[in-house]
Amino acid sequence: MGSLPPSLDLPSPPPKNPQHERVSETTLFNLFKAQQGHLNYFFQNLDLSQALSFTETLLNSRGTIFFSGVGKSGFVANKISQTLVSLGIRSAFLSPLDALHGDIGALSAADILVLFSKSGSTEELLRLIPCARAKEVYLISVTSVPKNALANACDMNVHLPLERELCPFDLAPVTSTAIQMVFGDTVAIALMGARNLTKDQYAANHPAGRIGKSLIFKVKDVMKKQDELPVCKEGDLIMEQLVELTRKGCGCLLVIDEEYHLLGTFTDGDLRRTLKASGEAIFKLTVGEMCNRKPRTIGPDAMAVEAMQKMESPPSAVQFLPVIDRQNTLIGIVTLHGLVSAGL
């Protein structure tokens, strides 16, 4: 076999590390166990009264809940703020640097400013405090080092117990940021429950994602209808309906009467089985003689995700569901391909 043209040459694998660095399974297991121990320390020593006061303060907020932090703590603060927004709670991330260059104008006396800092001595946050005080904002610090400057300067402090960082030098913020995230997200879910957020309300905040689509889309939003339906009558010959069977891309025929009532379905699988069993006699068989008279169906107001579950349910999966109204009138068809294309 000749060599590939230069433009099609496959890339070479990256060179091996000359020092042959590697991580053993035992080392990785021990690190996970150690981190588990550090997280357990947090859970066992967290002051729930502080956590409750913090949660109730956020719940009773009349304004916007701002979060701020620097470095890794800033990333966590931003993420927690975004989680609250996704739950319909007014929240935003305030960069401490941008705040000192105009963004502090977003703050008002009705707002809360939550400052995340492991040490409680972050210079950028300490510079921000007098400016926020001038706006009469309620200040909360979330820290892990006891008796820190940030806690002393704020109206409320929540102490997140930190045994040590997983880092062998006790420097890289990998455990401290983990407990910050656990704390913030847990409080967010507590707020979600206290506000009695419904699935529909949650979905309304996630319209483009799979979460929202699964909670918003109904069968009638994703079904094919009218001219897209592969319909036929029960007296039609099977061989005369082959074009209709394949042309509409549903993999089936929907058998109806004169009033458009659904009588059954005939699939491409039924065609193969009929041809195998009947041979040339298939030319004389009608769709009504070989169709499934008890197909799975669904209503137009059912959730689209319910349609997918119904397709996949035992005893065997199907690729489509006829959509009928309460009078058994055919109004559409929903296909597995259509649901997947819709992002479900």
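One is the number of the first residue; the rest follow in order along the sequence.
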Any carboxylate oxygen within less than 4.0 angstrom of a Lys/Arg side-chain nitrogen, looking at Asp301 and Lys220? yes

Say whether Leu271 and Leu285 are linked into one hydrophobic cluster, either directly or through other cluster members, by side-chain heavy-atom distances under 4.5 angstrom. yes

Shared hydrophobic cluster, Ile129 / Leu97 (ILVMFWY, side-chain heavy atoms < 4.5 Å): no

Quick check on His337: does its NE2 atom have over 12 non-hydrogen neighbours (other residues, nucleotides or ligands) under 6.0 Å away? no

So, does Asn78 use its side chain to make a donor-acceptor pair with the main chain of Phe93 at under 3.5 Å? no

Between the main-chain N or O of Cys167 and the side-chain N or O of Arg164, is there a donor-acceptor pair closer than 3.5 Å? yes

Does this structure show an ion pair linking Glu306 with Lys310, if we count only N-O contacts that are shorter than 4.0 Å? no

Within a strict 4.5 Å, meaning less than it, do heavy atoms of the Leu31 and Leu166 side chains meet? yes

Aromatic ring proximity Phe42/Phe183, centre distance under 6.0 Å: no

Separation between OG of Ser68 and CG of Asp98, rounded to the nearest 0.5 Å: 9.5 Å

Could you check whether atom CG of Asp227 has more than 12 heavy atoms from other residues, nucleotides or ligands sitting under 6.0 Å from it? no

So do Thr267 and Leu245 actually touch side chain to side chain, heavy atoms under 4.5 Å? no

Main chain of Ala77, side chain of Ser81: is a donor-acceptor contact present, judged purely on distance under 3.5 Å? no

Side chains of Thr286 and Glu234: is there a donor and an acceptor less than 3.5 Å apart? no

Whether the side chain of Thr27 engages the backbone of Val23 through a donor-acceptor N/O pair (distance < 3.5 Å, no angle test) should be reported. no

Would you say the side chain of Thr265 lies within less than 4.5 Å of the side chain of Leu253, judging by non-hydrogen atoms? no

Test Ser176 against Glu165 for side chain to side chain contact (heavy atoms under 4.5 Å, CB included), laying out the working first. CA-CA 7 Å; Ser176 56; Glu165 300 286 2; 2.6 Å; yes

Roughly how far apart are Thr186 OG1 and Met181 CE, rounded to 0.5 Å? 11.5 Å

Is it the case that the side chain of Ser91 and the backbone of Ile65 share a donor-acceptor pair, with hydrogens and angles ignored and the cut-off at 3.5 Å? yes

With a cut-off of 6.0 Å (strictly less than), are more than 12 heavy atoms of other residues, nucleotides or ligands near NZ of Lys284? no

Are Leu100 and Leu126 connected in a single hydrophobic cluster, I mean Ile/Leu/Val/Met/Phe/Trp/Tyr linked by side-chain heavy atoms less than 4.5 Å apart? yes

One pair to check against side-chain hydrogen bond (donor to acceptor under 3.5 Å, both in side chains): Thr143 and Asn157. What are the steps and the verdict? CA-CA 7 Å; Thr143 60; Asn157 174 253; 3.0 Å; yes

Ile179 versus Pro161, closest heavy-atom pair with distance: CD1-O, 3.5 Å

Steps toward side-chain hydrogen bond (donor to acceptor under 3.5 Å, both in side chains) verdict (Ser108, Asp111): CA-CA 6 Å; Ser108 71; Asp111 298 332; 3.1 Å; yes

Electrostatic pair Asp155:Arg133 at N-O distance under 4.0 angstrom: yes

Run the numbers on Gln180 and Ser73 for side chain to side chain contact (heavy atoms under 4.5 Å, CB included), then give the verdict. CA-CA 8 Å; Gln180 287 175 345; Ser73 293; 3.2 Å; yes

Taking side chain as C-beta onward, heavy atoms only, is Tyr138 less than 4.5 Å from Met156? yes

Take Ser121 and Asn148 through the side-chain hydrogen bond (donor to acceptor under 3.5 Å, both in side chains) test and state the conclusion after the steps. CA-CA 6 Å; Ser121 59; Asn148 59 77; over 6 Å; no

Would you compute the distance between atom SG of Cys252 and atom CZ of Phe320 and round it to the nearest 0.5 angstrom? 4.0 Å

Please evaluate residues Ile298 and Ile324 with respect to the criterion side chain to side chain contact (heavy atoms under 4.5 Å, CB included), reporting the C-alpha separation (whole Å), side-chain torsions for both, the decisive distance (0.1 Å), and the verdict. CA-CA 6 Å; Ile298 198 164; Ile324 58 174; over 6 Å; no

So if I apply the side-chain contact (heavy atoms from CB on, under 4.5 Å) rule between Val231 and each of Ile256, Ile333, Leu262, Val255, which one comes out positive? Ile256

Ion pair present between Arg127 and Glu124, side-chain N to carboxylate O less than 4.0 angstrom? no

Honestly curious: do Leu229 and Val323 fall in one hydrophobic cluster under the side-chain, below-4.5 Å linking rule? no

If I take atom CG from residue Leu150 and atom CD from residue Glu123, how far apart are they, to the nearest 0.5 angstrom? 12.5 Å

Between Met311 and Gln319, is any pair of side-chain heavy atoms under 4.5 Å apart? no

Hydrophobic clusters here meaning ILVMFWY residues chained together by side-chain heavy-atom distances under 4.5 Å, can you tell me if Ile112 and Leu139 are in one? no

Which atom of Ile238 lies closest to which atom of Met290, heavy atoms considered: CD1-CG, 3.8 Å

Are the side chains of Val142 and Ser117 in contact, using a 4.5 Å heavy-atom criterion? no

Between Val114 and Phe54, is there a side-chain heavy-atom distance shorter than 4.5 Å? yes

Check whether any side-chain heavy atom of Phe116 sits under 4.5 Å from a side-chain heavy atom of Phe67, and report yes or no. yes

I need the minimum non-hydrogen distance between Lys118 and Leu162, along with the two atoms involved. CE-CD2, 3.6 Å

Can you give me the closest heavy-atom contact between Gly69 and Pro96, atom names plus distance? O-CD, 3.6 Å

Apply the test side chain to side chain contact (heavy atoms under 4.5 Å, CB included) to residues Leu254 and Phe266: give CA-CA distance (whole Å), side-chain angles for both, the deciding distance (0.1 Å), then the verdict. CA-CA 7 Å; Leu254 303 175; Phe266 184 82; over 6 Å; no

Counting N and O atoms only, with roles assigned by atom type, does the side chain of Ser144 sit under 3.5 Å from a partner on the main chain of Leu160, one being a donor and the other an acceptor? yes

To check you understand the geometry: which heavy-atom pair defines the closest contact between Thr175 and Gln35, and what is its length? OG1-OE1, 2.7 Å

Is it the case that the side chain of Ser61 and the backbone of Gly63 share a donor-acceptor pair, with hydrogens and angles ignored and the cut-off at 3.5 Å? yes

Have Glu259 and Thr329 got a donor and an acceptor in their side chains that come within less than 3.5 Å? no

Taking 4.0 angstrom as the limit, do Glu228 and Arg247 come out as a salt bridge? no

When you measure from the side chain of Lys224 to the backbone of Lys248, do you find a donor-acceptor pair of N or O atoms at a distance under 3.5 Å? yes

Verify, without hydrogens or angle tests, whether Lys294 (side chain) and Gly264 (backbone) share a donor-acceptor contact under 3.5 angstrom. no

Has Ser86 got a side-chain atom pairing as donor or acceptor with Thr83's backbone, closer than 3.5 angstrom? yes

Only one of Leu128, Thr122, Leu94, Ile140 forms a side-chain contact (heavy atoms from CB on, under 4.5 Å) with Leu115, so which one is it? Leu128

Heavy-atom pair of closest approach, residues Ile331 and Met223: O-CE, 3.7 Å

Less than 4.0 angstrom from a charged side-chain N to a carboxylate O is my criterion; do Lys79 and Asp185 meet it? yes

Any ion pair linking Asp270 and Arg273 (charged N to carboxylate O, less than 4.0 Å)? yes

